[in-house]
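When reading the values below, keep in mind they use all heavy atoms of this one structure, side chains included, and skip hydrogens, waters and symmetry mates. Just so we're clear, the structure is a prediction, and the values are computed from it rather than from any experiment.
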Amino acid sequence: SVQSEPSAAMMFQSSKTLLCLAVLSFVAGSSSAETTTVHRAELLSISSQRGSHSDQDFSVLNTVDQTGSQNDWDTYVEFTGQGNRQRYKGTFQYQVPADMNLDDVTTLSLNINYLGDAMASTKWDWLIRNWNTRRWETIGDNRGVSSWTWSALQFDIDTDGGNLGQHYVSSSGRISVRLQTRNGDSGDDPNVVCDLDQMALHLKVETARTTTTATTTTPTTTTTATTTTPTTTTTTPTTTTTTTTATTPSTEPSWWKPPPGTTWQWQISSPPAIDTSLDVDMYDIDLFDATQQTIDQLHNDGRIVICYFSAGSLEDWRPDRDDFDVSLMGNPLDPQWPGEWWLDISQIDDDTSALARIMRARLDLAVSKNCDGVEPDNIDGYTNDNGLGLTAEHQRVYNTWLAAEAHRRSLSIGLKNDLDQVSELVSHFDWALNEQCWQYNECDRLDPFVNAGKAVFGVEYVEERDNGSNKPEVYCPVLNAKRFSWLEMTYDLDSTVVTDCRDI
């Protein structure tokens, strides 16, 4: 069956040669008119972070070539899940036309021709990257499709004028769309698979112009389409069309809030360069050392980027070291870490203090580098020989201040160690990161985060491994059961993951 009155976007997708569809509508007796133009964003790349995709030229995704149960391998791309739960996650990068005025864009449409399981068997989700909130937003799924029959899906986002550029277009003019499935059941077939014959991103632009006539004009570039059947077939198989309209993005501040079980990589050491190839949800890297190119690459690969900095110590190798007054300095952290001193965090009581200005500047740097969140380190100084007389109350006030300042900038923030204050701070922080809770028999103290639906990340160090209980074979099953995201790494915190508890 075919829609008797196809939408402009559906008319667009059935033409191989049409790059722009324009309709000029005039109201009788009026002196103004509105021009509606539909542009297609250029698909630049597909990157599969988990699972794989076939090697057809992805330009085949610009148009519809398949209907019913047709199976012309050269005209579509196949996506296959990986692992025990057959998960797939991939990122599509689109480029907005350089001459487009984003303030005139009113609707963004993702047009898809899908072949695969119905949602009852396997749920496939499409998400779009919101560059303002630094989150992925779900825009649609495969509900309503018939199993293994080519089905047309259209997901519309009402951008309400200038919201498009603010929310969904990066500074380089890119729009990122994610395709993912977290589980599935394909019956006798052990692989979870879907095929896409089209995945085209369209932008609808409406501009006003003045006229003295009262007519309706259709430009000669318009191509009329009444069927999705390719010219090479003699039958018209059934095609399902589903349209979903997303709501206008909220202007309320939002940030990344990872659930328990989120996967990650921690690499905060100096060069060698960061290995961006790991199949994880989040990378935690150094705020100062990580290049913008690395952060952009991780985002293009669909990763969340957390940026590390020390909020509780002065490090004499950082570029802002001269901003710290000697009055802020306490005892050295540890002979193992030369050139680093505890900070007098009690000075945060004065919101205009030098400490407040420095930490705000670091958070602003995280925003300017497009980090999704921050990992402030050494925020348990009151439990150490700091030489400053810091108290638990000083620490609680400072840590709460850091969380509020991060959230004010729509940055996610994690509580690093500071186990004595978990119950007081869990509501202020979005996740926790801990070192060696298993070695010191402290892991149960992190349970409030999981109970609140928040991720717990952590490491044990291979240098501390022994022949007793402090080895992955013992602690990984326990921490997996807690839904902690645990790694065994070296003290260098380079790209080497000795053990990922997911593999135990």
Q: Just checking, any donor-acceptor pair under 3.5 angstrom between side chains of D117 and T122?
A: yes
Q: So, do S54 and W73 sit near enough that their side-chain heavy atoms are less than 4.5 Å apart?
A: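 When only atoms from C-beta onward are counted, W73 and S54 do touch, with a gap below 4.5 Å.
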Q: Given the rule in the side-chain contact (heavy atoms from CB on, under 4.5 Å) test, do Y308 and L287 qualify, once you have shown the distances and angles that lead to the verdict?
A: CA-CA 5 Å; Y308 165 96; L287 170 64; 5.9 Å; no
Q: Can you confirm whether more than 12 heavy atoms, excluding those of E473, are under 6.0 Å from its CD atom?
A: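 Enclosed: over 12 neighbouring heavy atoms sit under 6.0 Å from CD of E473.
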Q: If the threshold is 4.0 Å, N to carboxylate O, is there a salt bridge linking R303 and D301?
A: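 No, R303 and D301 are not salt-bridged.
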Q: Could you give the distance from CG (N370) to CG (L298), rounded to the nearest 0.5 Å?
A: 11.5 Å
Q: Is the backbone N or O of C501 less than 3.5 Å from a side-chain atom of N480, with the two atoms forming a donor-acceptor pair by type?
A: yes
Q: For Q154 and S109, indicate whether the former's side chain and the latter's backbone hold a donor-acceptor pair under 3.5 Å.
A: no
Q: With side chains defined as the heavy atoms from C-beta onward, is the minimum distance between C307 and F309 less than 4.5 Å?
A: no
Q: Going by heavy atoms in the side chains, are I295 and I285 under 4.5 Å from each other?
A: yes
Q: Are Y475 and E488 close enough that some pair of their side-chain heavy atoms sits under 4.5 Å apart?
A: yes
Q: If the test is ring-ring contact (aromatic ring centres under 6.0 Å, His included), which one of F92, F58, W126 qualifies with F79?
A: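 Passing option: F92.
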Q: Among T63, N62, L61, find the residue that satisfies the side chain to side chain contact (heavy atoms under 4.5 Å, CB included) test when tested with D65.
A: T63
Q: Less than 4.5 Å apart, any side-chain heavy atom of T262 and any of F457?
A: yes
Q: Could you tell me whether the side chain of W148 reaches within less than 4.5 Å of the side chain of L115, counting heavy atoms only?
A: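 They are in side-chain contact.
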Q: Please determine whether side-chain contact (heavy atoms from CB on, under 4.5 Å) holds for the pair Y114 and D195, giving the CA-CA distance in whole Å, both sets of side-chain angles, and the decisive distance to 0.1 Å.
A: CA-CA 6 Å; Y114 166 91; D195 299 330; over 6 Å; no
Q: Checking side-chain polar atoms at under 3.5 Å, does E375 have a donor or acceptor matched by the opposite partner on W266?
A: yes
Q: Apply the side-chain hydrogen bond (donor to acceptor under 3.5 Å, both in side chains) test between Q66 and each candidate in T75, D197, D72; give the one that qualifies.
A: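 Option passing the side-chain hydrogen bond (donor to acceptor under 3.5 Å, both in side chains) with Q66: T75.
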Q: With no hydrogens and no angle check, is any side-chain donor or acceptor of T181 less than 3.5 Å from a backbone partner on K123?
A: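 Looks like yes, one N/O pair under 3.5 Å.
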Q: Given 3.5 Å as the limit, does a donor-acceptor pair link the side chain of Y76 with the main chain of N113, or not?
A: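 No; zero donor-acceptor contacts below 3.5 Å.
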Q: So I175 and I128, side-chain contact (heavy atoms from CB on, under 4.5 Å) or not? Walk me through it.
A: CA-CA 8 Å; I175 297 178; I128 190 168; 3.9 Å; yes
Q: Is a side-chain donor or acceptor of S48 paired with a backbone partner of G51 at a separation under 3.5 angstrom?
A: no
Q: Quiz question: by atom type and distance under 3.5 Å, do the side chains of W255 and D430 form a donor-acceptor pair?
A: yes
Q: Does any N or O in the side chain of Q297 come within less than 3.5 Å of the main-chain N or O of T276, such that one atom is a donor and the other an acceptor?
A: no
Q: Have a look at D372 and tell me which of R129, K257, R409 forms a salt bridge (charged side-chain N to carboxylate O under 4.0 Å, His left out) with it.
A: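 That would be R129; it is the only one of R129, K257, R409 passing the salt bridge (charged side-chain N to carboxylate O under 4.0 Å, His left out) with D372.
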Q: Any donor-acceptor pair under 3.5 Å linking the side chain of E42 with the backbone of P97?
A: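 Absent.
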Q: In Å, rounded to the nearest 0.5 Å, how long is the span from CE of M199 to CG of L179?
A: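 Here the interatomic distance stands at 6.0 Å.
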Q: Out of T107, N111, D156, which one pairs with H202 under the side-chain hydrogen bond (donor to acceptor under 3.5 Å, both in side chains) rule?
A: N111
Q: Side chains of V169 and V105, heavy atoms from C-beta outward: is any pair under 4.5 Å?
A: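 The answer is no, as the side chains (C-beta and beyond) never meet within the 4.5 Å cut-off.
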Q: Taking W264 for its side chain and S485 for its backbone only, find out whether a donor-acceptor pair lies under 3.5 Å.
A: yes
Q: Measure the shortest side-chain to side-chain distance between V145 and T149 over non-hydrogen atoms and say whether it is less than 4.5 angstrom.
A: no
Q: Are N300 and S47 close enough, and set up right, to give a side-chain contact (heavy atoms from CB on, under 4.5 Å), and what steps lead you there?
A: CA-CA 8 Å; N300 288 342; S47 173; over 6 Å; no
Q: Identify whether the distance between the nearest side-chain nitrogen and carboxylate oxygen of K89 and D279 falls below 4.0 Å.
A: no
Q: Side-chain donor-acceptor pair under 3.5 Å between R174 and Q95, yes or no?
A: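 Judged by distance alone, the side chains do pair up.
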Q: Can you tell me which residue among V462, V497, V459 is in a side chain to side chain contact (heavy atoms under 4.5 Å, CB included) with T490?
A: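 Only one of V462, V497, V459 forms a side chain to side chain contact (heavy atoms under 4.5 Å, CB included) with T490, namely V462.
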